[in-house]
Amino acid sequence: MDPKPLVVANWKACKTIPEALEWLENFQSKAKTKEADLRKVEVVVCPPFTALEPMRLKIKNQQLKIGLGAQDVSPFPDGPYTGEVTARMLADLVDYVLIGHSERKKDFGENVKTSGQKMNLAQKVGITPILCVANFDEIPKEPGNHFHLLYEPAAAISQKGVYRPENPENAQKNLAEWKSNFKNVNKFLYGGSVNPTNVAQFLAQPAIDGVVVGNASLDPNVFWELINHVLP
Ligand code: PGA
């Protein structure tokens, strides 16, 4: 396994295409000053679907050290599913996809079954799923190989910019237990109110290999500050 800490920015339903490109520009101008250190961290941004291709092109043209992920994928293959974006469509755009985020479970009726379908389709086309769960029951029976597992209790997710993180020792305890049960997981991540003031505490826990960052990833200045607490 790649020992670099993984930092995933989840923008949720925020940012138009120009806003996404401006974020990239801003982040990159800061990142240029610490290129060598940044090789020791893996940074992945999950923008809305609409910004994926413009961001991919900019990242490619400017050879930026930023990976891309989708925030969701259809539980169905290509076919008569109006409005869906399938794994095959995403395969050229992203390396990662968030699956089963608690907001999708709360607002869009998703469950462990849909997570399983999505994981299967994503893995078939070579996209690494980041499976989002708050407890063991949300992990599909046959999750496949090579995925990252995100422990994210819904109550720890920031609300209207107010942070309410899980205690890092609690997150460590849960993830350490899961680690001993799941040998086919690449990385174990924590998410929920991660911000510049607490990211180092979470990553200092031996069972936590990375973090998913929502609110604190939207402003490139705040996100850069957070990354600086992750750099060696
Ligand atoms: P938050 O969101 O960092 O704003 O709490 C994280 C997430 O929901 O993935």
Side-chain angles (χ1 to χ4, degrees), residues 5-15 19-20 23 27 41-49 51-52 66-73 94-112 114-115 118-119 122 127-135 138-139 147-168 170-172 174-175 178 185 187-205 208-230:
L6 173 62
V7 179
V8 181
N10 174 14
W11 287 353
K12 310 191 179 185
C14 300
K15 296 197 192 295
E19 287 164 356
W23 185 102
F27 183 80
V41 180
E42 184 181 1
V43 178
V44 171
V45 178
C46 302
F49 286 133
L52 279 174
I66 291 180
L68 278 179
Q71 296 174 20
D72 189 25
V73 61
V94 301
D95 295 319
Y96 295 101
V97 61
L98 297 174
I99 290 180
H101 191 282
S102 62
E103 288 156 7
R104 302 234 32 106
K105 292 190 177 107
K106 175 167 68 77
D107 297 326
F108 302 95
E110 295 193 6
N111 52 40
V112 65
T114 46
S115 287
K118 291 174 182 208
M119 288 188 69
I127 300 174
T128 302
I130 301 176
L131 177 67
C132 314
V133 303
N135 59 57
E138 292 178 310
I139 302 174
F147 66 99
H148 297 329
L149 186 61
L150 165 65
Y151 167 62
E152 186 170 71
I157 293 175
S158 74
Q159 262 188 4
K160 301 194 173 92
V162 178
Y163 295 120
R164 38 188 206 158
E166 170 100 322
N167 175 320
N170 262 0
Q172 157 67 22
N174 282 322
L175 281 170
W178 296 2
V185 172
K187 282 187 176 170
F188 289 84
L189 315 176
Y190 166 79
S193 296
V194 177
N195 65 68
T197 65
N198 63 18
V199 67
Q201 280 168 278
F202 282 107
L203 287 174
Q205 306 298 327
I208 301 180
D209 306 313
V211 288
V212 173
V213 185
N215 188 64
S217 70
L218 293 174
D219 178 333
N221 299 313
V222 177
F223 191 63
W224 178 243
E225 194 190 334
L226 183 148
I227 293 290
N228 270 282
H229 288 285
V230 180

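Counting starts at 1 for both ligands and their atoms, in listed order.
Residue Asn215 has at least one heavy-atom neighbour below 4.0 Å for each of these atoms of ligand 1: 1 (P), 3 (O), 4 (O). Contact atoms of ligand 1 toward Gly192: 5 (O) (distance under 4.0 Å to a heavy atom of the residue). Within ligand 1, counting atoms from 1 as listed, the ones closer than 4.0 Å to a heavy atom of Val212 are 9 (O).
Between the side chains of Asn215 and Tyr163, at least one donor-acceptor pair of N or O atoms lies under 3.5 Å.
Summary of contacts: the protein heavy atom closest to atom 3 (O) of ligand 1 is Gly214 N, 2.8 Å. Here the protein heavy atom with the shortest distance to atom 2 (O) of ligand 1 is Lys12 NZ, 3.3 Å. Shortest contact from atom 4 (O) of ligand 1 to any protein heavy atom: Ser158 OG, 2.6 Å. For atom 9 (O) of ligand 1, the closest non-hydrogen atom on the protein side is Glu152 OE2, 2.9 Å.
With ring centers used as reference points, Tyr151 lies under 6.0 Å from Trp178.
Residue contacts with ligand 1: Ala216 is placed with no nitrogen or oxygen under 3.5 Å of a nitrogen or oxygen of the ligand (distance criterion only).
Side chains of Pro47 and Leu52 form a contact here, defined as non-hydrogen atoms less than 4.5 Å apart.
A donor-acceptor pair is defined here as one N or O able to donate and one able to accept, closer than 3.5 Å; such a pair exists between the side chain of Lys118 and the backbone of Val73. In this structure a side-chain-to-backbone donor-acceptor pair under 3.5 Å is missing from Tyr96 to Val8.
Taken from CD1 in Ile99 to CD in Glu110, the straight-line distance is 9.0 Å, to the nearest 0.5 Å. Separating the CG atom in Asp209 from the CG atom in Leu149 is a distance of 10.5 Å, to the nearest 0.5 Å.
Between Ser193 and ligand 1 there is a heavy-atom distance shorter than 4.0 Å.
Contacts between Ile157 and ligand 1, counted as non-hydrogen atom pairs separated by less than 4.0 Å, involve both the backbone and the side chain.
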